[in-house]
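Once you've had a glance at the structure underneath, I'll fire off some questions.
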Amino acid sequence: MKIVRLILGDQLNQNHSWFKNVDDDITYIMAEMRQETDYVKHHIQKVIAFFLAMRSFKEDLSAKGHNFIYLKLNDNNNPQNLKDIISMVVNDSNADKFEYQLPDEYRLDEQLRDICNSLAIATSFADTEHFYTTRFELQDFYKGKKQMVMESFYRMMRKKHQILMSNDQPEGGKWNFDHSNRNKWKGQPSIPKETEFKKNVEEIIEELTKANVKTFGQVEAKLFIWPVTRKECLETLTYFCNHLLPHFGDYQDAMHEDQKFLFHSRLSFAMNSKILSPKEVINTVIVHFNNNNNNNNSTIQISQVEGFVRQILGWREYMRGIYWKEMPDYKYLNSLENKNKLPDFFWTGKTNMNCLKHAIGQSLDNSYAHHIQRLMIIGNFALLTQMDPDEVDRWYLGVYIDAIEWVEITNTRGMSQFADGGIVATKPYVSSANYINKMSNYCTNCTYSHTKKLGEKACPFNSLYWNFLADKKEHFKDNQRMNMMLALLNKMDGNTLADIQLKANDILNNLDTL
């Protein structure tokens, strides 16, 4: 039986059971497609990273004897969309069966289902063998429960998979060390230089230019640093364990204008493209932690490891579960009815607000920002200025190298913008400048003063924060987690609040002058 199997650009799992045996009757298809480069405007480094990773995957498995048809972006016989590519290969090879791995994006899941219905041959699908959970495991776990809270899901996952557990109790005596993960980095401990792979990507840039693919952001053509091969990603994981893990948890929420990565692993692209699995990442980290603890010179505390595990075993799997539980309606939720447009500096990074200049500028320069920069700087500002979540979604999905809809939209429309009305988060993640000053040094060298609410030099976050609470007061009146914020709002002098709202409205009408 001749079988054609599809591999999507985020299904680069070399350890998948499909590849245990070499079979001359099986042909794998991979394709660089305008369908995928164009469905949203992407950062140029994101497109380059996926193309490099896909090509490396194909080369590694071809070297083991597997048959591949790989269509590059500018190949003359590339139809540029999944339906025509699959039909072409199935017909040309006289295939008896078409198989695919379940996609992690709803739009591709629907498209492949329709394609299979149109084919005259047998079809089937397989799991990607990547996640800890099945698509609907979270939905089943919360069935009959009044509220979904990530912590209960996370504890279930720890128990089920026996991760950081000791006799059915959490290792270290606590399930969650989040309160130990909120330190401001003040220049010490020193941060080792991140691993860089310095690839020349001029050829791919020329291919994108020839195809007239529209991208944004910056790239150093001769110094592309992201790990995109299996070997590079494993090296990055080892480097994280040896050099960054000892301080990861302490400073995972910290921000600093001189440091892009701090102690973060830079493994999210490797996992979201499935080059590395969450299981091998977590297992490697825990083995390293246990080996370190067995030495007399133990340098890694449980809080560092738990903070890392929580992001992957808890939050990452939780976001995926929410995605499959709530799509396709989730994509259109806008519970706060926000409609404003993103200001131009989201595309240029040119603003006098130092925190946004660094967080957005870093995103445009590196296709990267860590979770607090995304949530409490850029996302916080977008929510306080009441941006349309459709616009926010498109920007986040395009700008970050690790952004794939299942993980982007739940974090952006849910956690960051509260557009889902509380499905993901129990309260909106908004703050004044006080939080930004507490967790970073951004405010030190800023044009604006983080202590002022009014006046020309007052930080925009301050008036925008109180204006947001006043505007959305009715919406949050029954939300218990908002009681303290709303009580402070209600105690504010009426004239002072009126002045703050005038200031905020002036900012909202002149965002591009900030």
Side-chain angles (χ1 to χ4, degrees), residues 40-43 216-217 329-364 367 369 371-400 403 405 407-425 427-433 435-436 442 448 459-476 482 485 500-501 503-514:
V40 70
K41 192 176 183 181
H42 299 285
H43 196 293
F216 68 102
D329 295 343
Y330 196 86
K331 192 170 185 174
Y332 306 103
L333 297 179
N334 186 2
S335 70
L336 297 179
E337 299 180 346
N338 291 337
K339 291 295 181 184
N340 292 334
K341 302 299 180 186
L342 292 181
D344 288 344
F345 62 74
F346 268 66
W347 307 98
T348 66
K350 294 178 180 178
T351 170
N352 292 317
M353 298 179 71
N354 200 40
C355 59
L356 284 166
K357 180 176 75 174
H358 279 279
I360 292 177
Q362 176 183 310
S363 302
L364 295 172
S367 194
H371 64 287
I372 295 298
Q373 291 171 311
R374 299 188 198 194
L375 177 66
M376 296 307 299
I377 302 295
I378 304 170
N380 185 14
F381 181 81
L383 182 52
L384 292 180
T385 51
Q386 303 179 38
M387 298 297 166
D388 189 324
D390 289 348
E391 292 225 342
V392 181
D393 270 345
R394 282 192 292 269
W395 188 83
Y396 273 84
L397 183 58
V399 76
Y400 293 118
E405 189 184 65
V407 70
E408 174 277 322
I409 197 171
T410 43
N411 274 292
T412 302
R413 193 171 288 258
M415 179 85 168
S416 172
Q417 299 304 295
F418 207 78
D420 66 1
I423 293 172
V424 168
K427 68 177 181 66
Y429 279 82
V430 290
S431 79
S432 65
Y435 173 86
I436 298 168
Y442 290 149
Y448 300 101
C459 176
F461 272 98
N462 292 332
S463 57
L464 289 170
Y465 173 77
W466 293 107
N467 180 70
F468 173 83
L469 293 180
D471 276 0
K472 308 300 181 183
K473 181 179 176 179
E474 189 66 23
H475 185 94
F476 293 118
M482 296 293 288
M485 298 181 200
I500 287 173
Q501 289 187 283
K503 172 71 174 175
N505 284 325
D506 182 59
I507 291 170
L508 291 170
N509 290 325
N510 297 280
L511 288 175
D512 283 312
T513 66
L514 293 177

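Excluded from the calculations below are hydrogen atoms, water molecules and symmetry mates; all remaining heavy atoms, backbone and side chain alike, are included. Start at 1 with the first residue, then count along the sequence.
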N338 and L383: side chain to side chain contact (heavy atoms under 4.5 Å, CB included), yes or no, with the steps? CA-CA 8 Å; N338 291 337; L383 182 52; 3.7 Å; yes

Quick one: salt bridge (charged side-chain N to carboxylate O under 4.0 Å, His left out) partners of D471, sequence neighbours excluded? none

Could you check if a side-chain atom of L384 sits within less than 4.5 angstrom of a side-chain atom of N467, using non-hydrogen atoms only? no

Smallest heavy-atom separation, D420 atom then G414 atom, equals OD2-CA, 3.3 Å

Atom CD in Q501, atom CG in L508: separation rounded to 0.5 Å? 10.5 Å

Taking it one step at a time, do N352 and Y448 satisfy side-chain hydrogen bond (donor to acceptor under 3.5 Å, both in side chains)? CA-CA 8 Å; N352 292 317; Y448 300 101; 4.6 Å; no

Heavy-atom distance under 4.5 Å between the side chains of L336 and Q386, does that happen here? no

N380 vs F468 side-chain heavy atoms within contact, under 4.5 Å: no

Between F476 and K473, is there a cation-pi geometry (under 6.0 Å to ring centre, at most 45° from the normal)? no

Distance, nearest 0.5 Å, that separates CG of D344 from CG of D512: 4.0 Å

Hey, does I372 have a side-chain heavy atom less than 4.5 Å from the side chain of Y435? yes

With distance as the sole test, does N510 use its side chain to make a donor-acceptor pair with the main-chain N or O of D506 at under 3.5 Å? yes

Nearest 0.5 Å, what's the CG-CG distance between D388 and N334? 6.0 Å

Report, as yes or no, whether the 6.0 Å neighbourhood of atom NZ on K41 holds more than 12 heavy atoms from other residues, nucleotides or ligands. yes

Side chain to side chain contact (heavy atoms under 4.5 Å, CB included) evaluation trace for R394 with L397: CA-CA 5 Å; R394 282 192 292 269; L397 183 58; 5.8 Å; no

Do other residues, nucleotides or ligands put more than 12 heavy atoms under 6.0 Å from K427 NZ? yes

Set of ring-ring contact (aromatic ring centres under 6.0 Å, His included) partners for F345, sequence neighbours left out: F381

What residues, two or more places apart in sequence or in another chain, satisfy side chain to side chain contact (heavy atoms under 4.5 Å, CB included) together with A369? Q362, S363, Q373, R374, Y400

What's the spacing between F346 CZ and T351 OG1 if we round to 0.5 Å? 9.5 Å

Partner residues of H42 under the side chain to side chain contact (heavy atoms under 4.5 Å, CB included) criterion, sequence neighbours left out: Y39, V40, K46, V47

Minimum heavy-atom separation for M387 to V392, with atom names? CB-CG2, 3.7 Å

Of all heavy-atom pairs linking H475 and S335, the shortest is CE1-O, 3.5 Å

Flag the pair W466 / K503 as yes when at least one side-chain heavy-atom distance between them is below 4.5 Å, and no otherwise. no

Using the side chain to side chain contact (heavy atoms under 4.5 Å, CB included) criterion, which residues pair with A433? Sequence neighbours excluded. H450, C459, F461, N462

Check step by step if side chain to side chain contact (heavy atoms under 4.5 Å, CB included) holds for V424 and Y330. CA-CA 11 Å; V424 168; Y330 196 86; 3.4 Å; yes

Which pair of heavy atoms, one from I436 and one from C355, lies closest together, and at what distance? CG2-CB, 4.1 Å

Do L514 and L356 come close enough that some side-chain heavy atom pair is under 4.5 Å? no

Could you tell me whether the side chain of N411 reaches within less than 4.5 Å of the side chain of Y396, counting heavy atoms only? no

Using a strict 4.0 Å threshold on nitrogen-to-oxygen distance, state whether R413 and D390 make a salt bridge. yes

Those residues that, when tested against E337, pass side chain to side chain contact (heavy atoms under 4.5 Å, CB included) (two or more places apart): none

Any side-chain heavy-atom pair from M353 and I377 closer than 4.5 angstrom? no

When rounded to the nearest 0.5 Å, the distance separating CD of E391 from CD of Q417 is 11.5 Å

Is there a side-chain hydrogen bond (donor to acceptor under 3.5 Å, both in side chains) between T385 and N340? Walk through the geometry before answering. CA-CA 7 Å; T385 51; N340 292 334; over 6 Å; no

Reported OG1-to-CG distance for the pair T410 and D393, which is rounded to 0.5 angstrom: 9.5 Å

